[in-house]
Amino acid sequence: MTTAATDRDQLGQYLLQEGLLSREQLVKAMAEQKTSGQRLGYVVVRLGLVEENEVTKLLARLYRMPAVDLTRFEVEPTVLKLIPADIATKQVVLPLKREGRTLTVAMADPTNIGLVDDLKFITRYDLFPVLAGEQVLRKLIERHYESSAQQLQEILQDLESENVEVVEEAEEEVATQAQIDDAPVVKLINGLLIDAVKRGASDIHIEPFEHEIRVRYRIDGALLEVMKPPVRMKAALTSRVKILSQLNIAERRVPQDGRLKLKFGRRLIDFRVSTLPVLFGEKIVLRILDKGNLTLDLSTFGFAPKAERDLMSAIANPYGMVLVTGPTGSGKTTTLYSALSKINNSEVNIMTAEDPVEYNLMGINQVLVRTEIGLTFAAALRAFLRQDPNIIMIGEIRDLETGSIAIKAALTGHLVLSTLHTNDAASTITRMIDMGIEPFNVASAVNLVVAQRLVRRICKDCRDEVQYTDEELAPLNLREEDAASIAFLRGTGCETCIGTGYRGRAGLYEVMALSPELRRMILRGDSAADLKQQAVAEGMLTLRMDGMEKITQGVTTLEEVVKETAE
């Protein structure tokens with residue numbers, strides 16, 4: 001067994017002995033740790049299972065290392081310079097104070113003995129290592145060391161001061177590797193990618209206009225403008241991204257799709273790249289696929305108790321169909337991946353058809369749909385049925401052919417998971433019938449439908465109570481006494497949330513399990529409104545109702561729920 005595995009097991013056993021984790025929670029945390037590659041202590045804190053100070057105390061006892069409260073230290077700039085920013089960020093270490101020839105350094109990983117020796121060599125000081133919580137330590141490193149956003153601004157200033165000319169494609173192809181690596185545009189693109197990952201962005205938008213270039217990040221579902229590079233760099237920026245993602249730099253007339261990988265510390269992050277010809281150049285969107293941020297534990301998603309029980313029961317069935325619906329970017333794929341990871345073991349054959357394959361999952365056979373060569377969802381699905389599958393996931397049911405094969409697979413002993421684009425759970429049933437699938441097949445095959453939306457979470461560091469007017473409360477149709485009993489919260493805006501008042505996102509879920517009565521109603525041809533009414537009578541929470549629960553729990557704001565859900 002490796003040292004890392006031994007240390008993980010020791011901490012896990014300690015957490016169990018102290019009663020801070022249950023056996024089930026530890027198994028989930030260790031599975032998440034294996035997926036993300038992060039330390040177990042960091043994972044249990046990130047999942048909200050244990051307070052960080054409790055983990056730090058345990059590690060201090062386990063490794064006989066003093067623990068520190070970082071809020072008590074004000075680090076001097078001269079001390080910070082002793083450890084370079086890239087090493088501090090990569091190794092998660094922070095120099096705290098210097099006394100004579102001794103340098104006190106806070107670190108998150110007490111097992112990394114080699115790091116202490118390396119730091120001694122770099123700093124030329126005797127090291128006194130102390131233990132600190134990894135989450136707090138990462139935040140302080142970002143705050144004290146120059147942020148990548150500041151570095152981007154410096155790069156931009158350099159670009160303004162240098163006479164940077166756009167290199168013609170023919171010249172760029174014969175440029176030496178040293179010239180390419182030293183080019184300011186390379187620094188800018190690298191800085192952009194790293195800064196976006198650090199800020200937790202899901203997408204980077206590079207948009208050319210007539211007199212400017214605009215760069216925006218999508219953070220927690222909202223676009224935020226971060227910079228405007230010099231317009232003369234338009235072609236150079238586009239070419240650099242195309243080279244990195246192995247696209248044709250000479251082709252500017254048609255859209256192109258590609259991928260690139262970035263190694264960031266210990267993490268390997270995928271970027272899905274899309275270019276689109278627009279009036280003044282090519283718009284580029286890079287979708288960030290960070291497996292380290294992928295949480296596959298359904299119990300942490302925020303399902304209501306009944307909804308979670310219904311979903312777990314549906315995916316435990318050996319056959320039938322489970323459908324997840326919602327607009328693009330509402331987390332449907334993550335929900336499906338999480339359901340698959342719940343039932344993924346060595347005894348079942350799981351096959352997926354996706355366009356594109358967003359994350360690689362161990363133990364699951366994933367197929368990339370390529371329509372241009374005839375490998376459509378329907379063609380992949382037909383091939384799957386000759387591969388002895390137990391569980392099939394289809395990225396999306398887009399047409400009658402795919403829907404019909406999926407229904408037949410669900411009726412012939414396979415568990416089928418897929419997505420559709422509808423507004424709520426009940427509409428999914430009528431959408432399938434409108435496609436041309438027979439009502440009796442839909443009623444027989446579909447076991448459960450999940451409709452979902454993502455809302456922004458209130459920032460924990462600046463949340464405050466807020467009063468709403470009757471006009472603002474009107475969309476929720478609340479009685480006066482109910483409204484008076486709810487403590488509405490909103491973020492005031494701080495450094496943590498970049499002034500937005502929001503940090504992270506939470507899911508709203510409408511889970512409709514098909515009861516015998518609902519199946520009878522489908523056979524009768526009842527409307528989506530009737531199906532929804534019956535499901536609510538049977539205990540289903542609509543998206544708006546689940547949103548109200550999240551408001552009451554202080555997870556999100558009234559504005560977010562009203563924006564993302566309909567009555």
Side-chain angles (χ1 to χ4, degrees), residues 46 48 135-136 138-153 156 191-207 214-228 269 285-290 292-295 300-302 326-331 334 452-469 472-473 475-476 486-508 543 546-565:
R46 184 165 64 81
Q135 211 169 41
V136 174
R138 284 181 186 275
K139 283 183 181 178
L140 282 176
I141 290 167
E142 280 187 26
R143 186 195 306 166
H144 284 303
Y145 282 99
E146 188 174 55
S147 71
S148 49
Q150 288 173 309
Q151 290 172 7
L152 284 178
Q153 290 306 316
L156 272 182
L192 263 180
L193 298 180
I194 292 167
D195 182 47
V197 171
K198 279 187 174 181
R199 292 212 208 177
S202 61
D203 302 86
I204 305 169
H205 292 241
I206 303 173
E207 302 163 309
R214 182 172 66 178
V215 178
R216 296 189 291 174
Y217 297 159
R218 189 175 291 281
I219 300 175
D220 298 333
L223 282 167
L224 175 74
E225 186 175 313
V226 289
M227 68 188 308
K228 288 183 178 178
I269 296 159
V285 176
L286 298 98
R287 165 65 57 90
I288 301 169
L289 304 173
D290 183 2
N293 286 338
L294 182 67
T295 303
T300 64
F301 278 31
T328 302
S330 60
T334 304
Q452 66 180 71
R453 299 288 187 278
L454 290 178
V455 291
R456 291 183 289 176
R457 287 180 178 273
I458 301 169
C459 175
K460 290 180 180 177
D461 294 343
C462 63
R463 59 172 57 200
D464 198 9
E465 198 163 332
V466 64
Q467 298 294 325
Y468 287 104
T469 64
E472 290 170 321
L473 291 170
L476 298 180
I486 299 172
F488 292 97
L489 299 177
R490 185 195 283 162
T492 55
C494 65
E495 190 179 324
T496 306
C497 59
I498 327 171
T500 62
Y502 298 100
R503 184 72 175 167
R505 288 193 287 179
L508 305 183
L543 287 166
D546 194 35
M548 277 305 306
E549 289 290 321
K550 298 294 193 297
I551 290 172
T552 306
Q553 294 162 12
V555 173
T556 191
T557 61
L558 179 145
E559 290 90 347
E560 282 292 295
V561 171
V562 170
K563 183 177 76 175
E564 296 295 339
T565 65

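In this structure, D461 and R503 have side chains that are not in contact, with every pair of non-hydrogen atoms separated by 4.5 Å or more. Residues M227 and L192 meet the side-chain proximity criterion, which asks for heavy atoms closer than 4.5 Å. Side-chain contact between L286 and L193 is present, with heavy atoms from C-beta onward closer than 4.5 Å. Annotation: side chain of I486 is not in contact with side chain of Y468 (no heavy-atom distance under 4.5 Å).
K550 places no side-chain N or O within 3.5 Å of a backbone atom of V455 that could act as its donor or acceptor partner. Not a single donor-acceptor pair under 3.5 Å links the side chain of R505 to the backbone N or O of R456. The backbone N or O of G554 lies less than 3.5 Å from a partner atom in the side chain of R463, making a donor-acceptor pair. Here the side chain of Q452 pairs a donor or acceptor atom with the backbone of G331 at under 3.5 angstrom.
R216 contributes atom CZ, which lies 4.5 Å from atom CG of L223 (distance to the nearest 0.5 angstrom). A distance of 10.5 Å separates CD of Q467 from CZ of R490, quoted to the nearest 0.5 Å. The OG1 atom of T565 sits 10.0 Å away from the CE atom of M548 when rounded to the nearest 0.5 Å. Note that CG of L289 is 10.0 Å distant from OG of S202, once rounded to the nearest 0.5 Å. C459 SG to D464 CG: the interatomic distance, rounded to the nearest 0.5 Å, is 12.0 Å. Interatomic distance, R457 CZ to Y502 OH, rounded to the nearest 0.5 Å: 13.5 Å.
For NZ of K460, the number of neighbouring non-hydrogen atoms (other residues, nucleotides, ligands) closer than 6.0 Å is 12 at most.
In terms of heavy atoms, G493 sits closest to C462 at N-SG, 3.3 Å. When every heavy atom of S330 is checked against every heavy atom of L454, the shortest pair comes out as O-CG, 3.4 Å. When all heavy atoms of I551 and L558 are compared, the closest pair comes out as CD1-CA, 3.7 Å. Contact record, I458 with L489: CD1-O, 3.5 Å, taken as the closest heavy-atom pair. Looking at every heavy atom in both residues, I288 comes nearest to A196 through CD1-CB, 3.7 Å.
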